[in-house]
Amino acid sequence: MIQQVASGIYSYLPLGWRALRKIEDIVRQEMNRAGGQELMMPVLQPLELWQETGRHLAFGKSMFTLSDRRERKLCLGPTHEEVLTDMVRRNVQSYRDLPLLLYQIQTKFRDEPRPRGGLMRVREFTMKDLYSLDADEEGLDQNYRKMIQAYSDIYSRCGLSSLLVEADSGAIGGKDSHEFMVIADSGEDVVIHCNRCHYAANVEKAQSIKSKAADEDPLPLEEVATPGMKTIDEVAGFLGVPPSRTLKAVFYAADGELVFALIRGDLEINEVKLRNTLKASELRLASEAEVQGAGLVAGSASPIGVSGIKIVADDSITLGANFVAGANKPDVHLRNVNPRRDFAVDLLADIAAARAGEACPRCGDQLLSTRSIEVGHIFKLGTFLSEKLGALFLDQDGVSHPIVMGCYGIGIGRLLAAIVELNHDERGIMWPATVAPYHIYLCPLYMDNPQVISVAEKLYGELEAAGWEVLFDDRRESPGVKFNDADLLGLPLRLTISPRTLESQSVEVKGRGQKEARLLPLETAVATVKELLASS
RNA sequence: CGGGGUGUAGCGCAGUCUGGUUAGCGCGCAUGGUUUGGGACCAUGAGGUCGGCGGUUCGAAUCCGCCCACCCCGACCA
């Protein structure tokens with residue numbers, strides 16, 4: 001199907017390529033049906049265009065860059081908003097030119113830190129990317145809904161049941177964003193969802209209702225010795241308080257600046273939320289040296305009395321009182337710490353990771369979590385890019401406005417991988433008929449028998465004439481070898497011809513998912529195949 | 001980038017610790033023959049910069065150093 005060339009770089013072999021093209025066809029049909037117009041934009045892009053929007057910073061090292069012979073900086077497009085917006089600003093003048101849905105199926109390059117999972121996460125991949133261009137938010141909303149419908153249709157035609165979840169918009173930017181997920185244990189993503197009200201979100205984005213830890217009057221601040229106690233569990237256990245009555249400090253470097261992140265001890269920090277809150281493009285844990293250099297004591301760090309560091313706190317610190325927190329001295333903590341009274345924070349926001357078991361932010365029911373594969377991602381970009389690049393139009397009154405944009409992506413190779421992941425057994429792949437590289441595995445046995453060959457060739461011709469794609473296994477291999485390869489390839493239908501089936505003027509048929517084969521009379525075989533494939 | 005691991009025939013591996021004939025095994029491949037309803041068998045044969053460079057040694061797949069590639073776990077995304 002596929003073969004690795006280098007880390008995150010693959011060749012498609014003939015069968016894999018056929019399946020990929022089937023998926024592309026489905027995607028193309030649904031995009032056209034939704035009113036999309038196909039076009040083609042270049043992989044090779046001038047870096048200046050990215051400097052205009054500033055997004056080369058957000059992509060950072062993920063962007064492959066190069067220079068031409070005149071030392072002009074170019075990049076291999078990780079996505080195409082810049083090129084498209086540039087095209088649009090030169091062609092769209094009036095509200096009469098809108099709305100517009102433009103798409104392509106094109107190669108993208110992203111120098112991923114760690115390619116993995118075969119085709120799941122690669123550095124060169126084909127993506128269908130559609131861009132919606134509207135005069136106003138209502139138009140965007142309408143197209144956004146239209147795309148959600150088209151995407152659902154695509155996945156179901158590919159034999160997958162998809163789940164629409166709220167998502168973080170990441171490096172692409174924009175405000176509203178959703179992902180299409182396929183439930184799979186092997187997936188890299190985690191979805192937090194609620195079965196009662198159907199709230200569903202990527203963990204990166206998911207919220208939950210935070211419990212109230214305590215409701216009591218503030219007591220006076222008090223130092224306690226905590227020899228050797230550093231982690232929340234150690235400190236809480238030693239002092240005999242639940243973790244929810246403590247405050248946890250974690251240090252990050254956000255675009256090089258040290259940040260003091262504070263959260264209630266029973267919760268974990270969601271780094272995506274934190275990065276968004278800080279509006280940072282790069283976020284990582286601070287090194288020990290950086291923490292010490294700022295005069296902080298890891299294990300006993302305290303928001304009280306620190307200065308010169310930005311403090312970002314999760315809003316959970318307001319849901320309680322009289323917390324235990326560090327004293328910024330080794331082996332000492334403070335009791336009865338109360339936010340506001342004892343220290344101030346620079347930013348107070350939701351930076352906590354939602355977890356299964358917590359309460360749904362919509363209905364309060366218990367949240368669940370599932371691993372999943374992200375097979376599509378859509379964004380309401382708004383006017384961010386059109387403003388940066390000056391993609392404007394004149395309305396009825398001759399007033400200039402930025403175009404309202406949306407973008408909608410499906411990774412074709414990843415979708416292929418997800419289909420295989422969800423449609424296989426211990427013997428091999430079980431292709432849905434819609435995306436199978438061929439419909440039928442034609443399997444003549446005893447190839448030295450002239451009658452077998454002539455009947456097989458005749459049947460092959462009739463099936464092709466009826467519009468079916470047939471893989472003719474003309475190898476002189478034993479039945480066992482052919483049957484096993486048929487299962488491995490996983491085409492929906494296997495037709496076997498042998499001296500035995502010819503005795504009754506019939507052909508044997510077996511669906512890939514079926515245990516038993518059955519005999520069909522030769523003269524009605526082609527007609528029956530149609531029924532069988534329609535139902536698979 | 002941090003942590004762990006692996007590089008020996010097309011694929012999967014043994015040999016490396018303890019240096020010493022011509023570097024093995026299974027699968028696959030080629031030729032001939034016998035076979036054939038769920039991965040047949042016999043015979044013969046082809047196929048190797050032992051990841052690369054350098055060092056130690058009479059002698060290196062094996063010891064030492066540097067580099068590279070790939071895989072897995074974490075920070076990134078269709």
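Residue numbers start from 1 in every chain, and the chains themselves are labelled A, B, ... in the order their sequence lines are given, proteins ahead of strands.
- Using a 4.0 Å heavy-atom distance criterion, A:Thr501 is classed as a base contact.
- If you take atom C1' in B:G12 and the same atom in B:G38, they sit 23 Å apart, rounded to whole Å.
- Summarising the base pairing, B:U16 is matched to no nucleotide, lacking a Watson-Crick or G-U wobble pair whose two defining distances lie under 3.5 Å.
- Here B:C77 presents its C1' atom at 14 Å from NZ of A:Lys108, a figure rounded to the nearest Å.
- For the pair A:Pro113 and A:Phe483, nearest-nucleotide mapping onto RNA chain B gives the more 5' position to A:Phe483.
- Going from the P atom of B:C17 to that of B:C63 covers 5 Å, rounded to whole Å.
- In this structure, a donor-acceptor pair under 3.5 Å is absent between the side chains of A:Asp168 and A:Asn202.
- For A:Phe472, the ring-ring contact (aromatic ring centres under 6.0 Å, His included) test picks out A:Tyr460, with sequence neighbours left out.
- Across the P atoms, B:C29 and B:C71 are found 27 Å apart, a figure rounded to whole Å.
- A:Asp86 pairs by the salt bridge (charged side-chain N to carboxylate O under 4.0 Å, His left out) definition with A:Arg89, A:Arg90, not counting sequence neighbours.
- Rounded to a whole angstrom, the distance from the P atom of B:A46 to that of B:G4 is 45 Å.
- Counting heavy-atom neighbours within 6.0 Å of A:Arg116 CZ, excluding the residue itself, gives a total above 12.
- The base of B:C77 is not paired with the side chain of A:Arg110 by any donor and acceptor separated by under 3.5 Å.
- Residues forming a ring-ring contact (aromatic ring centres under 6.0 Å, His included) with A:Tyr155 (at least two apart in sequence, or on another chain): A:Phe180.
- Rounded to a whole Å, the CG atom of A:Asp448 is 14 Å from the C1' atom of B:G33.
- In this structure, A:His80 places its NE2 atom 17 Å from C1' of B:C77, rounding to the nearest Å.
- A:Leu285 has its CG atom 14 Å from the C1' atom of B:C76, to the nearest Å.
- Between A:Arg123 and the phosphate of B:C77, there is no side-chain N or O to OP1/OP2 separation shorter than 4.0 Å.
- No side-chain heavy atom of A:Val470 sits under 4.5 Å from any side-chain heavy atom of A:His439.
- Pairing of B:A60, defined by two Watson-Crick or G-U wobble distances under 3.5 Å, is not identified with any nucleotide.
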Just the atom pairs and distances: protein N or O near nucleotides 39-42 of chain B's N or O, under 3.5 Å.
residue: B:G39; atom: O4'; partner: A:Asn484; partner atom: ND2; Å: 3.1
residue: B:G39; atom: N2; partner: A:Asp485; partner atom: OD1; Å: 2.9

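- For the residue pair A:Gln104/A:Asp129, the side-chain donor-acceptor check at 3.5 Å is satisfied.
- Shown here are the salt bridge (charged side-chain N to carboxylate O under 4.0 Å, His left out) partners of A:Lys128, two or more places apart in sequence or in another chain: there are none.
- As rounded to whole Å, 13 Å separates atom P of B:C71 from atom CD of A:Glu112.
- Base contact: A:Arg116 has a heavy atom under 4.0 Å from a base atom.
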Indicate every side-chain donor-acceptor pair of residues 413-423 of chain A with a distance under 3.5 Å to a residue at least two apart or in another chain.
residue: A:Arg414; atom: NE; partner: A:Glu374; partner atom: O; Å: 2.9
residue: A:Arg414; atom: NH1; partner: A:Met120; partner atom: O; Å: 2.7
residue: A:Arg414; atom: NH2; partner: A:Glu374; partner atom: O; Å: 3.4
residue: A:Glu421; atom: OE2; partner: A:Ser186; partner atom: OG; Å: 3.1
residue: A:Asn423; atom: ND2; partner: A:Ile419; partner atom: O; Å: 2.8

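- Distance, A:Glu477 CD to B:G28 C1': 11 Å, rounded to whole Å.
- The ring-ring contact (aromatic ring centres under 6.0 Å, His included) test applied to A:Phe251 returns A:Phe260, not counting sequence neighbours.
- Under the Watson-Crick and G-U wobble criteria, each requiring two contacts below 3.5 Å, nucleotide B:C53 is paired to B:G65.
- Taking atom P on both nucleotides, B:G59 is separated from B:U21 by 15 Å, rounded to a whole Å.
- Under the salt bridge (charged side-chain N to carboxylate O under 4.0 Å, His left out) rule, A:Asp487 has a single partner from A:Lys515, A:Arg427, A:Lys482, which is A:Arg427.
- With a cut-off of 3.5 Å on both Watson-Crick or G-U wobble distances, the partner of B:U36 is given as none.
- For A:Arg494 against B:G38, a side-chain-to-base donor-acceptor contact under 3.5 Å is present.
- At the heavy-atom level, A:Arg284 lies nowhere under 4.0 Å from the strands shown.
- Across all strands shown, B:A78 remains unpaired; no Watson-Crick or G-U wobble contact has both distances below 3.5 Å.
- Of the candidates B:C72, B:G38, B:A78, the closest approach to any side-chain atom of A:Arg114 belongs to B:C72.
- Looking at heavy-atom distances under 4.0 Å, A:Asp487 makes contact with a base.
- A:Ile263 pairs in a side chain to side chain contact (heavy atoms under 4.5 Å, CB included) with only one of the listed residues (A:Leu274, A:Ile269, A:Val312), which is A:Ile269.
- Nucleotides B:C76 and B:U16 have their P atoms positioned 43 Å apart, rounded to a whole Å.
- Partners of A:Trp431 according to the ring-ring contact (aromatic ring centres under 6.0 Å, His included) rule, which considers only residues two or more places apart in sequence or in another chain, do not exist here.
- Residue-level contact check: A:Val122 touches the bases, meaning some heavy atom is under 4.0 Å from a base atom.
- Nearest to the side-chain atoms of A:Asp189 among the listed nucleotides B:G38, B:A75, B:C77 stands B:C77.
- For A:Glu374 and A:Glu508, each mapped to the nucleotide of RNA chain B holding its nearest heavy atom, the one lying further toward the 5' end belongs to A:Glu508.
- Only the P atoms considered, B:C13 is 12 Å distant from B:U6, to the nearest whole Å.
- Distance check on atom P: B:U57 versus B:G19 gives 16 Å, rounded to whole Å.
- For B:C70, the paired base is B:G5 (Watson-Crick or G-U wobble, both distances below 3.5 Å).
- One can place CE of A:Met120 at 13 Å from P of B:C73, the figure rounded to the nearest angstrom.
- Across all strands shown, B:G10 forms a Watson-Crick or G-U wobble pair, both distances under 3.5 Å, with B:C27.
- Looking at residues 2-15 of chain A, you'll see A:Gln4, A:Ala6, A:Ser7 sit with a heavy atom under 4.0 Å from some atom of RNA chain B.
- In this entry the distance linking CE of A:Met181 with P of B:A78 reads 10 Å, nearest Å.
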